[in-house]
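One structure below.
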Amino acid sequence: MDSGEETYKYRYDASLANHIELKWQSKWEEDGTYHAPNPSGPLSDSTGRIDLPKLFIMDMFPYPSGTGLHVGHPLGFIGTDVYARYKRMTGHNVLHTMGYDAFGLPAEEHARQTGQHPRENTNANIKNMRKQLKRLGLGHDPRRSISTTDLDYYKWTQWIFLQLFNSWYDTDLKRARPIKELETKLEDGTITINENELWSSCSPQRKKEIVNSFRLAYLAEAPVNWCPALGTVLANEEVTVDGRSERGNHPVYRRPLKQWMMRITAYADRLLEDLESLDWTEAIKTMQRNWIGKSEGAVINFTAEEANIPVFTTRPDTIFGATYLVLAPEHPLVDALCRTDWPAEADTRWTGGFENPRSAIEAYRAQSNQKSDLDRQENKDKTGVFLGAYAKAPVTGQEIPIFISDYVLMGYGTGAIMAVPGQDERDWEFAEVFGLDIIRTVQPPADWDGKAYVGDGPAINSDFLNGLSIIEAKSAIIRWLEDNNEGSRQTSYKLRDWLFSRQRYWGEPFPIVYDKDGLPNSVPEDMLPVELPELIDWAPRSLDENSDPEPPLGRADDWSTTLLDLGNGPQEYIRELNTMPQWAGSCWYYLRYLDPLNSEEFVSEDIEKYWMSGETGGVDLYVGGVEHAVLHLLYSRFWHKVLFDLGHVSTPEPFQRLFNQGYIQAAAYQDERGMYVDAADVSQVGEKFFYQENEVQRSFGKMGKSLKNSVTPDEMYEEYGADTLRLYEMFMGPLDQDRPWETKSVIGSQRLIQRVWRNLVNEETGEIAVSDNQPEEPLNRLLHKTIASVNNDMKNLRFNTAIARITELNNEITKLESPTPRAVAEPLVLLLAPLTPHIAEELWEKLGYDMSVVYAKFPVANEMLLVEDEVEIPIQINGKVKSKIKVDSNASDAALQEIALADEKIRSLLASSAPKKVIVISGKLVNIVH
RNA sequence: GCCCGGGUGGCGGAAUCGGCAGACGCGGGGGAUUCAAAAUCCCUUUCCCUUAGGGGAGUGCGGGUUCAAGUCCCGCCCCGGGCACCA
């Protein structure tokens, strides 16, 4: 020990910070400081806080990773914590807690790598993460923390699944309704099945099948994304554009399988329209709009000898330019339409040199099946084959050839298009390759380059549409089509129903059993939860692409069949062996936070109403990464709307305000082979960087294991303490922006705390050292200006500038020669309390308060002190500042002008000539035009 | 290709309504303290020219509007993200 440390025994350093932080973290836990009361039930209390305005603030909950946190992870958590603390201090009942998204692929893959059972692995990770987050001083209500893997939690995930299973979407009322009401409508004939089938003459089993086909959760045989390496199927949202799994980057194959689906498409319009009411960034709204992909147009019937071919188009106005049809290669009508022989006029471009259409089609299908999605994307050259057949176009009566081509996708519209090369770039390319006719139906501008023209203009070559604009022509032709029964107005969506089954162990089991007819039945509510059976051999098997998925729950022999009485006596049933996807648990966790101990309901009505109320309703602030733009956030909105329709929640949207925090990036270094080296061991010499004496190249990227540039919170605690880490992360820049981590800059944040501490506490004795003198006028004015700015910044989540203002105030206090006046010290501590809660508590206690600073009142500026008596005003000549004058802040414009022109410096610069014009901005600036 | 963001000192960033560009911090330079160092404190720090006083330039580039532009308008360039054969 050297002498310095003895002199300043109570200097704020890492060891003092750690001491203070651990002390207050235990105290908060003992006192239940962050418990937010409910209006009723076991979490209600007598603090009276329930009468304050509520604020429900949330982070996107993490999955409990086994690798632990790095300093990039808690950025958003700190942001919400600061905001929550500010709101507590301004008189709100704040609900803030943290849960764990512990089912699903990431957790299971991690368990697989470590060779542990997912349950042990998950529980250990949650324990570790709770510890790490507690050390940051986050003010969470621990009573409300849930994990999606808790039996008490997934019981209700299953219950919500049953709500979806037991509902249908009434397209007239545009909302979900109980399935019983559908049965009534089928009975009384208000809803009919189809032309050939009468409900009354259906067998009981057929009736069941029909009802099943209406459910919001339903079984369907559909082409799905089968990932043999992960041993499971995946949702569209989990597959990357180049046809690989988002998790693990394994190949994914399209393949028809019978799976559970969620009828999210029924909600496409509402999911789209209700975006308007949300306080979300345009970027996220745009992503959701694109994903839903609504386009309005028409379905038009083309007639061939063998069948009608409905096509979807957004440009029915161009029908007079439709010179051929194209079907997706897998279109179900292809085989029926296909001729046995080529017509005489078919040239080799059309036939591909094949003997007859059938062999050409088979070859083409085989070829396009081989193409991966990536090939399709990179190589957009048009290919296709003629079917040998023709179809008659409505309106024109023209016979036009029918092709198949992989540029038409089965999954969108009707899987068939009318090709209008004159107005569509893709059709133009195809027409050029195959030598097909091109008819323009919109007059292009004079300087047009000669290819497909997609812009607006008067219709040409279009009979009764000629001269009309696109919009006019569209409505005219749709009217004609509807009048003549040749087509109708139609809206199309890119959004597909949500594939909801996974062939994985670590997920919620379905509350579904199959009867001897193979039809699904819901497990009665009072038998929930359907508990996930313990399996020793739980791991998925990697399979080859031709084998079928093999759900691990099939290995739970004594679980997979069960004897139940579902109303017709005890019978043997087979359980659903798939599990739910990861997104199931995260769809509704915000609702369980509200009422986590309720064993009767997923959330009680009055508690849900209390916390979800608001101008438009929902979570008041939801902070998380942008990567969930179309997955979690879309699924969650969908489930919420179903619960809303069924009367289980009171608001149409779950998350009123969404905020996307940025990522913390860090320098990463690569050696000459391109391998990343440990960033911690790289040293800088001048402009160059060295690792073990070899030069390495610097780049910046998301902090993490793969770039070997992680910095852990523990390292920061050891050197600086949690308050410093919090302060630094909030000071680095605006919360929504990515920013590079610089360990060497962290010291600045520690210095601020250290100076505040020194301004209030004697470093030798540890005693509080403030005076009861009133502050001098200028300091008092600065204090109130600071209070005003910090309030404003806190409200707008602009913590970086709030910290800058506090620093300015503290810098002024540092300059004082006498002890800090208590009247300044106390508000200073309160201003810091949301940002650095531990040191604020300690100082607050030293200032003589028994009650926690957490519920102290945040300072409010005295408006009187915000108005200066005297202001300094810049004087510009031709917009450049040339001089400054001090004037009474109430000086009139005329007086200002006079003083400005009388200013010595200005007079010498103007010399003898008179100014052309003088502009005076009251109380702000004088500009002389010369 | 289309749609969102963004581009300001050596670095992170500030300027909320068109009104003093560079707040605050890091780093750098100088000084005080110290036997010395660390720590701490004070001064300084956009760039260029100038002995000084001072002068000039400046918010990705080029134009424009305005008394006044980082901020508004037009045309580009670059970086990040999203979508992409969706009829």
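Below, chain A is the first sequence line, B the second, and so on; all start at residue 1.
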Go ahead and name the base partner of [N]; Watson-Crick or wobble counts if both distances stay under 3.5 Å, otherwise write none.
{"N": "G70(B)", "answer": "none"}
{"N": "A32(B)", "answer": "U40(B)"}
{"N": "C85(B)", "answer": "none"}
{"N": "C61(B)", "answer": "G75(B)"}
{"N": "C26(B)", "answer": "G10(B)"}

Find the distance [X]:[atom1] to [N]:[atom2] and express it as a whole number of Å.
{"X": "Leu631(A)", "N": "G82(B)", "atom1": "CG", "atom2": "P", "result": "12 Å"}
{"X": "Tyr663(A)", "N": "G6(B)", "atom1": "OH", "atom2": "P", "result": "18 Å"}
{"X": "Arg11(A)", "N": "A38(B)", "atom1": "CZ", "atom2": "C1'", "result": "11 Å"}
{"X": "Leu409(A)", "N": "A84(B)", "atom1": "CG", "atom2": "P", "result": "11 Å"}
{"X": "Lys285(A)", "N": "C83(B)", "atom1": "NZ", "atom2": "C1'", "result": "19 Å"}
{"X": "Met410(A)", "N": "C85(B)", "atom1": "CE", "atom2": "P", "result": "17 Å"}
{"X": "Met287(A)", "N": "A84(B)", "atom1": "CE", "atom2": "P", "result": "12 Å"}
{"X": "Glu330(A)", "N": "C85(B)", "atom1": "CD", "atom2": "P", "result": "14 Å"}

Would you classify [X] as touching base, sugar-phosphate or nothing, given that sugar-phosphate means primed atoms plus P, OP1 and OP2, and contacts are heavy atoms under 4.0 Å?
{"X": "Ser295(A)", "value": "sugar-phosphate"}
{"X": "Gln754(A)", "value": "sugar-phosphate"}
{"X": "Arg798(A)", "value": "base"}
{"X": "Asp793(A)", "value": "base"}

Query raised in the report: Is C83(B) in the syn range, within 90° of 0, or in the anti range?
Result: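 Base orientation: anti.
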Query raised in the report: Using the glycosidic torsion, which applies to G62(B): syn (within 90° of 0) or anti (everything else)?
Result: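 G62(B): anti glycosidic orientation.
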What integer number of Å spans the [atom1] atoms of [N] and [M]?
{"N": "G60(B)", "M": "G6(B)", "atom1": "P", "result": "13 Å"}
{"N": "A84(B)", "M": "C76(B)", "atom1": "C1'", "result": "24 Å"}
{"N": "C72(B)", "M": "C78(B)", "atom1": "P", "result": "22 Å"}
{"N": "A69(B)", "M": "G58(B)", "atom1": "P", "result": "11 Å"}
{"N": "G56(B)", "M": "C73(B)", "atom1": "C1'", "result": "29 Å"}
{"N": "A14(B)", "M": "G70(B)", "atom1": "C1'", "result": "12 Å"}
{"N": "A36(B)", "M": "G27(B)", "atom1": "P", "result": "24 Å"}
{"N": "U8(B)", "M": "A57(B)", "atom1": "P", "result": "22 Å"}

Query raised in the report: Would you say Asn660(A) reaches G5(B)'s phosphate, i.e. side-chain N/O to OP1/OP2 under 4.0 Å?
Result: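 Indeed not, no polar side-chain atom of Asn660(A) lies that close.
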Query raised in the report: Are any of Arg289(A)'s side-chain N or O atoms less than 4.0 Å away from OP1 or OP2 of G82(B)?
Result: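 Negative; the distance criterion is not met.
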Requested in this report: For Tyr86(A), check ring-ring contact (aromatic ring centres under 6.0 Å, His included) against everything at least two apart and list the hits.
Outcome: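 ring-ring contact (aromatic ring centres under 6.0 Å, His included) list for Tyr86(A), sorted by chain: Phe858(A).
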Report the residues that fulfil salt bridge (Lys or Arg N to Asp or Glu O under 4.0 Å) with [X], sequence neighbours left out, ordered by chain and then residue number.
{"X": "Glu429(A)", "result": "Lys382(A)"}
{"X": "Glu282(A)", "result": "Arg289(A)"}
{"X": "Glu808(A)", "result": "Arg805(A)"}

Query raised in the report: Between G25(B), A87(B), U40(B), which nucleotide gets closest to the side-chain atoms of Thr807(A)?
Result: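 Selected nucleotide (nearest to the side chain): G25(B).
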Requested in this report: Can you figure out which of C20(B), U16(B), C42(B) approaches the side chain of Thr814(A) most closely?
Outcome: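 When the side chain of Thr814(A) is considered, C42(B) is the closest of C20(B), U16(B), C42(B).
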Report task. Look at the side chain of Lys924(A) and the base of C20(B), then say whether one donor and one acceptor between them are separated by less than 3.5 Å. Result ->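 No.
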Requested in this report: Identify, with sequence neighbours excluded, every residue that meets side-chain contact (heavy atoms from CB on, under 4.5 Å) alongside Pro734(A).
Outcome: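 Applying side-chain contact (heavy atoms from CB on, under 4.5 Å) to Pro734(A) gives Asp736(A), Gln737(A), Asn800(A).
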Query raised in the report: Who pairs with Met703(A) by side-chain contact (heavy atoms from CB on, under 4.5 Å), at least two apart in sequence or on another chain?
Result: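 Once residues adjacent in sequence are excluded, the partners of Met703(A) under the side-chain contact (heavy atoms from CB on, under 4.5 Å) criterion are His70(A), Val71(A), Ile664(A), Ala666(A), Asn709(A), Ser710(A), Val711(A), Trp741(A).
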Under 3.5 Å, which protein N or O atoms sit close to an N or O of nucleotides 66-70 of chain B? Give each pair with its distance.
{"unit_1": "C67(B)", "atom_1": "O2'", "unit_2": "Asn927(A)", "atom_2": "ND2", "d": "3.2"}
{"unit_1": "C67(B)", "atom_1": "O2", "unit_2": "Asn927(A)", "atom_2": "ND2", "d": "2.7"}

Any side-chain heavy-atom pair of [X] and [Y] under 4.5 Å:
{"X": "Ile803(A)", "Y": "Leu752(A)", "result": "yes"}
{"X": "Leu495(A)", "Y": "Trp291(A)", "result": "yes"}
{"X": "Asn660(A)", "Y": "Trp280(A)", "result": "no"}

Report task. Give every residue pair that meets the salt bridge (charged side-chain N to carboxylate O under 4.0 Å, His left out) criterion with at least one member in residues 753-762 of chain A, sequence neighbours excluded. Result ->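 Of all non-adjacent pairs touching residues 753-762 of chain A, those that pass salt bridge (charged side-chain N to carboxylate O under 4.0 Å, His left out) are Arg758(A)-Glu763(A).
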Query raised in the report: Going by atom types only, do Asn759(A) and Thr820(A) share a side-chain donor-acceptor pair under 3.5 Å?
Result: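 No.
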Report task. Would you indicate whether Arg489(A), at its atom CZ, is surrounded by more than 12 heavy atoms from other residues, nucleotides or ligands within a distance under 6.0 Å? Result ->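 At most 12 heavy atoms, drawn from other residues, nucleotides or ligands, come within 6.0 Å of this atom.
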Name the pairs: protein N/O against N/O of nucleotides 27-33 of chain B, kept only if under 3.5 Å.
none

Would you list the atom pairs, donor with acceptor, under 3.5 Å between side chains in residues 410-418 of chain A and any protein atom, with sequence neighbours excluded?
{"unit_1": "Tyr412(A)", "atom_1": "OH", "unit_2": "Ser295(A)", "atom_2": "OG", "d": "2.4"}
{"unit_1": "Thr414(A)", "atom_1": "OG1", "unit_2": "Pro310(A)", "atom_2": "O", "d": "2.8"}
{"unit_1": "Thr414(A)", "atom_1": "OG1", "unit_2": "Phe312(A)", "atom_2": "N", "d": "3.4"}
{"unit_1": "Thr414(A)", "atom_1": "OG1", "unit_2": "Ala416(A)", "atom_2": "N", "d": "3.4"}
{"unit_1": "Thr414(A)", "atom_1": "OG1", "unit_2": "Ala416(A)", "atom_2": "O", "d": "3.3"}

Query raised in the report: Closest nucleotide of RNA chain B for Val746(A) versus for Phe312(A): which of these residues is on the 5' side?
Result: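 With Val746(A) and Phe312(A) compared, the 5'-side residue is Val746(A).
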**Report entry** Most 5' of Asn811(A) and Ser492(A) on RNA chain B, judged by nearest nucleotide
**Finding:**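 Per heavy-atom nearest nucleotide, the more 5' residue is Asn811(A).
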Distances under 3.5 Å only, N/O to N/O: pair up the protein atoms with those of nucleotides 12-14 of chain B.
{"unit_1": "G12(B)", "atom_1": "O2'", "unit_2": "Met732(A)", "atom_2": "O", "d": "2.7"}
{"unit_1": "G13(B)", "atom_1": "OP1", "unit_2": "Gln737(A)", "atom_2": "NE2", "d": "2.9"}
{"unit_1": "A14(B)", "atom_1": "OP1", "unit_2": "Asn800(A)", "atom_2": "ND2", "d": "3.1"}

Query raised in the report: Is the gap between the ring centers of Tyr324(A) and Phe430(A) under 6.0 Å?
Result: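 For Tyr324(A) and Phe430(A), the ring centres are under 6.0 Å apart.
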In residues 878-885 of chain A, what donor-acceptor pairs under 3.5 Å come from side-chain atoms, sequence neighbours left out?
{"unit_1": "Asn878(A)", "atom_1": "OD1", "unit_2": "His930(A)", "atom_2": "N", "d": "2.9"}
{"unit_1": "Asn878(A)", "atom_1": "ND2", "unit_2": "His930(A)", "atom_2": "O", "d": "3.2"}
{"unit_1": "Ser883(A)", "atom_1": "OG", "unit_2": "Asp903(A)", "atom_2": "OD2", "d": "3.0"}

